[in-house]
Protein chains: 2
Amino acid sequence: MKNINEKKIIQNIIDKTGDLSKYKMPQGLEIIKGIGDDAAYWKSGDFGYCVTSDTLVENVHFKLMYFSADKLGEKAVAVNLSDIAAMGANPMGMLINLGVTNDITEKWINDFYEGITKLALKYNCPVIGGDIVKSEILNITVTCIGNKKSNIKNKNIFLNRESVNPRDLVYVSGYLGNSKAGLQILNLLKTDLNDNEIYLKNSHLNPVPRIELGIDLNEIGITACIDISDGLLLDSSRLADASEVSININTSMLPISDQLKVIFPQEYKNFALSGGEDYELLFTASPNNKENIKKIAKKNELNLSIIGEVKNGNGEIMLDGSLTEPKGWDHFDN
Amino acid sequence: MKNINEKKIIQNIIDKTGDLSKYKMPQGLEIIKGIGDDAAYWKSGDFGYCVTSDTLVENVHFKLMYFSADKLGEKAVAVNLSDIAAMGANPMGMLINLGVTNDITEKWINDFYEGITKLALKYNCPVIGGDIVKSEILNITVTCIGNKKSNIKNKNIFLNRESVNPRDLVYVSGYLGNSKAGLQILNLLKTDLNDNEIYLKNSHLNPVPRIELGIDLNEIGITACIDISDGLLLDSSRLADASEVSININTSMLPISDQLKVIFPQEYKNFALSGGEDYELLFTASPNNKENIKKIAKKNELNLSIIGEVKNGNGEIMLDGSLTEPKGWDHFDN
């Protein structure tokens, strides 16, 4: 399938089966969100639950040439936990589905689960199920369930994409563009990397899911958040679309690492805008929250940069005030 | 990866990350079962939740030669719902992850979701999430969440594999062996099929998840159940292993369809014992439950056959009193 319209297909799926009003849930349980956020979620008694699933395919999302089994296990989980982070949820369990080729060894599989176990223990998220099957190409699906305790009747247990308001400030965590830079370096197959290149390479291999940040944002009442998996522009436009606002990004405020500027002096801004796989959190907040967000940044020892502001609109993304076409990483273009 | 020891790998995963005592859950929430049943499950307030995930890979689990897109969508969901049935749970939502090759069209994807939607509506189980990615080989992962309302403090909200008792009778729903027979017929690529062959073929293409049966069994207090995905012998031994009992199967009591006997007069018993993909429920019950089970059979218009009995033991499977090696469908042997 080449150059398909993923958005159209997903809309078609939503129209066909995703309309929750067609389904009956037992009393005391309500699915609040199906397709259309970082995770689906429901409410049940004192808890909200969310669930998300991602598939990674060899030669599309990763190459075994530069991924050891344990690092691949770690990354597969980190990518998925990033969606849980974007919900402001606590991870509670995951399912790992693995399709393995004939040349994968038992040792490889054990190493893969070593990587998974490292993050499982770190984020308190045991493997509770999954599947191992044979396949002509290595593929990995990670499904993660998150929860949040909540006594409030409010349906907004989780961070979402719909609650961005005009006049909100737009924030992003960490640095942008490093992952794309790291991928370029890996694909050059250079053996002699300097410290800057190693830093960028590791940003691609080892993303950090911003779990604590998501939970902290949720605690102080921030409501609008998405993780940057397909690039700042594309993920910003998803927020803007869902909330029916426009977002203006001030490119001089983008958080760019010194390492990225040194190694890619021409491309760094482009990588930051549409590189993808940063797995940082993009969120918006009323200016009243500035001080609280500073405290969270300090607590988490993490950069939280204001990169723009929200305006009235209908899904538009602007760069320094000029309307732009939101482009990012698309499986079907690559 | 050839001839790997799947059981050993899974045990290794359980040892590494599956030990739930290493993880801390919030008060009011308890993961009761992780790896090791048809689905993982947890309890939260008035509800129990279960979750299960299966991956199907082209040329390993299905061929596009004999699966239309909509039938493949239906089967992928049915296979997964069969695990929910084996838990005695109500399906409540599913995530569909699809890896598509270059030659898959947008129409194919839409047809695939038509099939999914058919079962989603039938079993009250909306698609609430998932992923669509590019892949060199078509692969499908379906993850389903089920629930059961429960006011009891009992941890056995769901049917499980550990509660088989000596002197229980062993039951199976429907007929066995039809799916394997259907697969053989499909692989012969015959164009001129008679009615018996069409019946068998459809058993393979269109398995019926025994959702209502699972719920009914759960309601009357049956506790031990598994679905037959890898063949009666192998799945019986999983029940016997988990419950530390032995199971004796009386081969003269196996439910075999007339169609199967006619078309495969030599192989039918073998297909019934280790053919796989029957997606019938295998459960055990004290003889006191005989009348209640008859009522459930009548209500569901479904054969529920007694095929053997449980004895003291340690995971052994016997055929007509003789110890046998439980063999079934194994991805890594095929």
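So you know, we letter chains A, B, ... as the sequences are listed, proteins then strands, and number each from 1. Since the model is a prediction, treat every value here as computed from it, not as a measurement.
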Taking every heavy-atom pair that is under 4.5 Å apart, which of A/Gln27, A/Lys33, A/Lys8 has the most such pairs with chain B?
-> A/Gln27
Among A/Leu29, A/Asn59, A/Val57, which residue forms the greatest number of heavy-atom pairs with chain B at distances under 4.5 Å?
-> A/Leu29
Within-4.5 Å side-chain heavy-atom neighbours: [X] and [Y]:
{"X": "A/His61", "Y": "B/Val133", "answer": "yes"}
{"X": "A/Ile13", "Y": "B/Thr117", "answer": "no"}
{"X": "A/Val51", "Y": "B/Leu95", "answer": "yes"}

Taking the six-membered ring for Trp and the single ring otherwise, decide whether the centroids of B/Trp42 and A/Phe47 are under 6.0 Å apart.
-> no
Against chain B, residues from residues 135-147 of chain A with at least one heavy atom under 4.5 Å, in numeric order, are A/Ser135, A/Glu136, A/Ile137, A/Asn139, A/Thr141, A/Thr143, A/Ile145, A/Asn147
Polar side chain donor-acceptor pair, B/Asp131 to A/Thr55, under 3.5 angstrom = no
Applying a criterion of heavy atom separation less than 4.5 Å, what residues of residues 86-93 of chain B form contacts with chain A?
-> B/Met92
Greatest number of heavy atom pairs closer than 4.5 Å to chain A - which of [options]:
{"options": "B/Gly45, B/Ser44, B/Ala39", "answer": "B/Ser44"}
{"options": "B/Gly36, B/Gly28, B/Ser53", "answer": "B/Ser53"}
{"options": "B/Gly129, B/Gly99, B/Ala40, B/Ala120", "answer": "B/Ala120"}

Could you list the residues that satisfy side chain to side chain contact (heavy atoms under 4.5 Å, CB included) with A/Leu20, not counting sequence neighbours?
-> A/Ile31, B/Pro126, B/Ile128
Excluding sequence neighbours, so at least two apart, what forms salt bridge (charged side-chain N to carboxylate O under 4.0 Å, His left out) with A/Asp37?
-> A/Arg161
Would a distance-only check, ignoring hydrogens and angles, find a side-chain to backbone donor-acceptor pair under 3.5 Å from B/Asn124 to A/Tyr23?
-> no
Apply side-chain contact (heavy atoms from CB on, under 4.5 Å) to the pair B/Leu121 and A/Lys22, showing each step before the final yes or no.
-> CA-CA 8 Å; B/Leu121 292 170; A/Lys22 290 183 190 166; 4.1 Å; yes
Closest heavy-atom pair and its distance - A/Lys16, B/Asn110 = NZ-O, 3.3 Å
Which value, rounded to the nearest 0.5 Å, describes the distance between A/Glu106 atom CD and B/Ile9 atom CD1?
-> 4.5 Å
